[in-house]
Amino acid sequence: MVASVMSATEPKSARRRNWVKSVNAWLLLLPAMVLLATFTHYPIIATLYHSFFSLGRSGPAEFVGLENYRYMLDDDVFWQVLRNNFIFALATVPTSIALALLMAVWVDKKIVGRSFLRLAFFTPTVLPMIAVANIWLFFYTPDYGLLDQFLKSLGFAGHNWLGDPSTVMTCLAVMVVWKEAGFFMIFYLAALQSTPPELKEAASVEGASRWYFFRRVTFPLLMPTTLFISINALINSFKLVDQLVIMTKGGPNNASSLLLYYIYEVAFNFWDTTYAATLTVTLIAILAAVALTKFVYLDRRIHYQ
Amino acid sequence: MRKDSHSIETFAAWMLALLWLLPLAYSFWSAFHPSEYATRFDITAPLTLDNFAKAWSQAPFARYYLNTVMLVTLVLAGQLVIATLAAYAFARFRFVGRDVLFALVLVQLMIMPDVLIVENYRVISGLNLLDTIPAIALPYMASAFGIFLLRQTFKSVPNELVEAARVEGASSFGVLWRVFVPLGKTTYIAFGLVSVSYHWNNFLWPLIVTNSVESRPLTVGLAVFGAPETGVDWSVITAATVMTMAPLLLAFLLFQRQFVQSFMRAGIR
C-alpha cells in the first residue's frame, strides 16, 4: 500500500526498485504463506463450507443449508459439552489466577528457599498433559487409588471420583489448576519485579499495612497482567482436552466432555465429519470472540508495534 | 508481630510447594519401587529399575523416543527457517499488501491448528501423508507466533548496523544472516525452548494422524501403553510416564532460568 502510493511521485528507477523489493519480500514470505494457507486459512473456510453439507455416506454430499446447525441446536450433548466447558472455565480460570498471584507474591519477596519454591510451582508446566493425566488417574482410582487410601485411613468410605458425574469435573479442574498455576505465576512475577520500589518505600513511610498496600497499589498495578492471564486461561480451557482421552473419555455419560473433545469424538469415532465441522464453527466463533475481546481491551493498551 | 506473620507465610508457602511436588514425587516413588509398594510408603522399601525394564521391553519405547526426537527437530528446524524469512520481510521491507498479509498471519494466533483437527485431517489425507511424522509437523511448521516474536526483534535492530553491512557489500540475504540472525539469539532460544516443550508434549493431533509404531510419538505411545484394557501393572505405567517426561524435566532442571524466561517472553509477546 505505502510503497505504491509513494511510487506514483517517484522517478521510474525508484519505482522499479520498489517493485523488485516487493517481489523480494513476497518470495521471503512464500513458504510461510503457503503453509498458513494450507493448514489455517483453507481449513477455516472448508470447515464453514462443509458445515452446510450432508455427510453423503450413501451417495454424494448434498447442500443442506442450515440443517446441521438445526441438528446441533437440538443436540442435548452439544449443550451439555458447552455448559461443561463454561463450568470448566469458571472453575479453573479464577482459581489458577488467585493461586498464581499468591505464589508470585511469595516468591517475589525474600523468603527462605525462594528458588526451590519457584521450581516447585513451575515444574508442572513443563510436563506433558498426558503424563500428568496418568499420574492423577491413579490418585482418583476407586479403592486402590491414593486419594481413597488416604480417606480410608481417616475412616471415610471410598468413592468413584471420576465415575460420578457430580465429582468428575471438580477432579479434572483441580488437576488443571495444578498444571497451570505455576505458568501464570511467572507473568505476575515479571510484573511485580517491574513495580517501582519507590512506591513500596513511600508506603512504608506512610505506615501502610502490607494488605492495604497490596489492595490499593499492587493489585491495581497488576490489572493488565490479570486481564492477559484470564484471557489466556480462558482460551486454554477450550483447548485442553488431552486429559479426557486418558482419564474419562468424556464420561460418565458426557459429564466431563468438553467441546473440542466432542468434536474429536464426532469426527474420529463416529466419522460424522460434517457435523464435526458444524461444531468446529461454534468453537472458532467462541475463540474469535475471545480474541476480539482481547484485542479491544488489552492490546490497545499494551500496544506492541 | 511482623516476624510472626512472616514465618506463618513462609510455612504456608512451603506447604503449598510440597503439595505441588507431591504428584511428581509420588510418580517417582511408584516407578522406582516394586509394585507391592505402590501405595505403601515404607522408607526401607527396596529400590528397583525393574519397572523401567518391563516398560521398555513391553512396548517399543526406543522407537517412540526416536519418533519424538525426529518430530521435535523437524518442527523446530522448519519453524526457524520459515519464521526467520517471513519476519525479515515484515520487519524490513515495505511492499504491497504487507498489512493484509500480516493480518493473515495473525489469524493463526487466534485459531490454532489444535482446533482445526477435522479439516487438517482431510488435508493431510489428501496429501497422502497420514501416519507419517511430517503429517504431525506440517500444520505447525509456519508458526505465527514465531514470525511475530522475530519480527519484533528484527524491528529493533539499529539501522546503522544494516547500513554498515550494506557498505561492505552484503546482499539482502547476507544482511539477514550476518546482522539479524546473530542479534536475534535470545529470541531464537526462547522460541526454541517453547516450541520443543510444546511438541514434545503435544498429544491430540498426533493421536489422530498416527496409527503405527513407526510414526507415533512418545505421548501417543504412552497413552496406547497405559490404556486400561491392556492390563499393564500400575508401577510399570508410572515408569513409562517418568520416561516420557524425563528428558524435558531434566532439561528444565538444568536450564531453569532460561526456561522460565523463555516461557515469559513467549507468553507476553
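The chains referred to below are lettered A, B, ... by the order of the sequence lines, with proteins before strands, and numbering in each begins at 1.
- Between chain B and the residues A:Leu287, A:Asn24, A:Leu36, the most heavy-atom pairs under 4.5 angstrom are made by A:Leu36.
- Counting heavy atoms from C-beta outward, A:Phe121 and B:Leu16 have side chains that approach closer than 4.5 Å.
- Note: A:Thr47 leads A:Leu102, A:Leu260, A:Thr47 in heavy-atom pairs under 4.5 Å with chain B.
- Neither the backbone nor the side chain of B:Ala87 comes within less than 4.5 Å of any heavy atom in chain A.
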Requested in this report: Decide side-chain contact (heavy atoms from CB on, under 4.5 Å) for A:Leu30 and B:Leu85; before the verdict, give the C-alpha distance in whole Å, the side-chain angles of both, and the deciding distance to 0.1 Å.
Outcome: CA-CA 9 Å; A:Leu30 192 66; B:Leu85 297 179; over 6 Å; no

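- The contact between B:Ile208 and chain A is made entirely by side chain atoms (from C-beta outward), counting heavy-atom distances below 4.5 Å.
- B:Thr241 OG1 to A:Phe138 CZ: the interatomic distance, rounded to the nearest 0.5 Å, is 11.5 Å.
- Contacts between B:Ser197 and chain A at a heavy-atom distance below 4.5 Å are absent for every atom of the residue.
- Put simply, the side chain of A:Phe39 reaches to within 4.5 Å of the side chain of B:Ile124, judged on heavy atoms.
- In this structure, the side chains of B:Ile117 and A:Phe268 come closer than 4.5 Å at one or more pairs of heavy atoms.
- Nearest heavy atoms, B:Trp14 versus A:Gly113: CZ2-CA, 3.9 Å.
- Shortest non-hydrogen contact noted between A:Ala25 and B:Ala89 is O-CB, 3.8 Å.
- Only the side chain of B:Phe173 comes within contact range of chain A, judged by heavy atoms closer than 4.5 Å.
- The shortest distance between side-chain heavy atoms of A:Trp136 and B:Pro23 falls below 4.5 Å.
- When all heavy atoms of A:Leu119 and B:Phe252 are compared, the pair lying nearest together is CD1-CE2, 3.5 Å.
- Of the two parts of B:Leu253, only the side chain, counted from C-beta on, holds a non-hydrogen atom closer than 4.5 Å to a non-hydrogen atom of chain A.
- With a 4.5 angstrom heavy-atom cutoff, A:Leu189 does not touch chain B via any of its atoms.
- Here the side chains of A:Thr123 and B:Trp20 are not in contact, with every heavy-atom distance at 4.5 Å or above.
- Of the residues considered (A:Val107, A:Leu292, A:Thr280, A:Thr273), A:Thr273 shows the highest number of contacts with chain B, using heavy-atom pairs under 4.5 Å.
- Contact of A:Tyr42 with chain B is made through the side chain alone, with heavy-atom distances under 4.5 Å.
- The aromatic rings of B:Phe263 and A:Phe122 lie perpendicular to each other, with more than 60° between the two planes, well past the 30° mark.
- Side-chain N or O atoms of B:Asn201 include one that pairs as donor or acceptor with a backbone N or O of A:Val126 at under 3.5 Å.
- In this structure, no portion of B:Val100 lies under 4.5 Å from any heavy atom of chain A.
- Contacts between B:Arg92 and chain A at a heavy-atom distance below 4.5 Å involve the backbone alone (N, CA, C, O).
- Closest approach of A:Ala131 to B:Leu222, counting heavy atoms only: CA-CD2, 4.2 Å.
- B:Gln108 touches chain A through backbone and side chain together, each having a heavy atom under 4.5 Å away.
- Proximity to chain B (any heavy atom under 4.5 Å) is shown, for A:Leu127, by both the backbone and the side chain.
- Listed here is the closest heavy atom pair of B:Glu119 and A:Ala277: OE2-CB, 4.3 Å.
- Interface residue A:Val241: only side-chain heavy atoms are found under 4.5 Å from chain B.
- Neither the backbone nor the side chain of B:Tyr140 comes within less than 4.5 Å of any heavy atom of chain A.
- A heavy-atom distance below 4.5 Å is not found between the side chains of B:Leu138 and A:Thr38.
- If you measure heavy-atom distances from A:Ile186 to chain B, the contacts under 4.5 Å come from both the backbone and the side chain.
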Query - side-chain contact (heavy atoms from CB on, under 4.5 Å) between A:Ile284 and B:Met110, worked out - result: CA-CA 9 Å; A:Ile284 291 175; B:Met110 176 164 77; over 6 Å; no

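- Note that CZ of B:Phe203 is 13.0 Å distant from CG of A:Leu240, once rounded to the nearest 0.5 Å.
- Heavy atoms of A:Ala267 lying under 4.5 Å from chain B belong exclusively to its side chain.
- Contacts of B:Val123 with chain A are made by side-chain atoms alone, with heavy-atom separations under 4.5 Å and no backbone atom involved.
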Report task. Could you go through the side-chain contact (heavy atoms from CB on, under 4.5 Å) check for B:Leu101 and A:Met33 one step at a time? Result -> CA-CA 8 Å; B:Leu101 285 184; A:Met33 291 328 282; 3.6 Å; yes

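- The side-chain heavy atoms of A:Phe116 and B:Leu21, taken from C-beta on, include a pair separated by under 4.5 Å.
- The part of A:Ala181 that comes within reach of chain B is its side chain, from C-beta onward, which places non-hydrogen atoms under 4.5 angstrom from that chain.
- For A:Trp19, the CH2 atom is loosely surrounded, since the number of other residues' heavy atoms within 6.0 Å does not exceed 12.
- More than 12 heavy atoms of other residues, nucleotides or ligands shown are found within 6.0 angstrom of CH2 on A:Trp178.
- Distance check, rounded to the nearest 0.5 Å: CG of B:Leu116 to OG1 of A:Thr40 gives 6.5 Å.
- Interface check for chain B: of the options A:Asp242, A:Leu35, A:Leu283, the most heavy-atom pairs under 4.5 Å are formed by A:Asp242.
- Note that CG of A:Asn134 is 8.0 Å distant from OG1 of B:Thr244, once rounded to the nearest 0.5 Å.
- Contact check for A:Ile235 versus B:Met112: side-chain heavy atoms found under the 4.5 Å cut-off.
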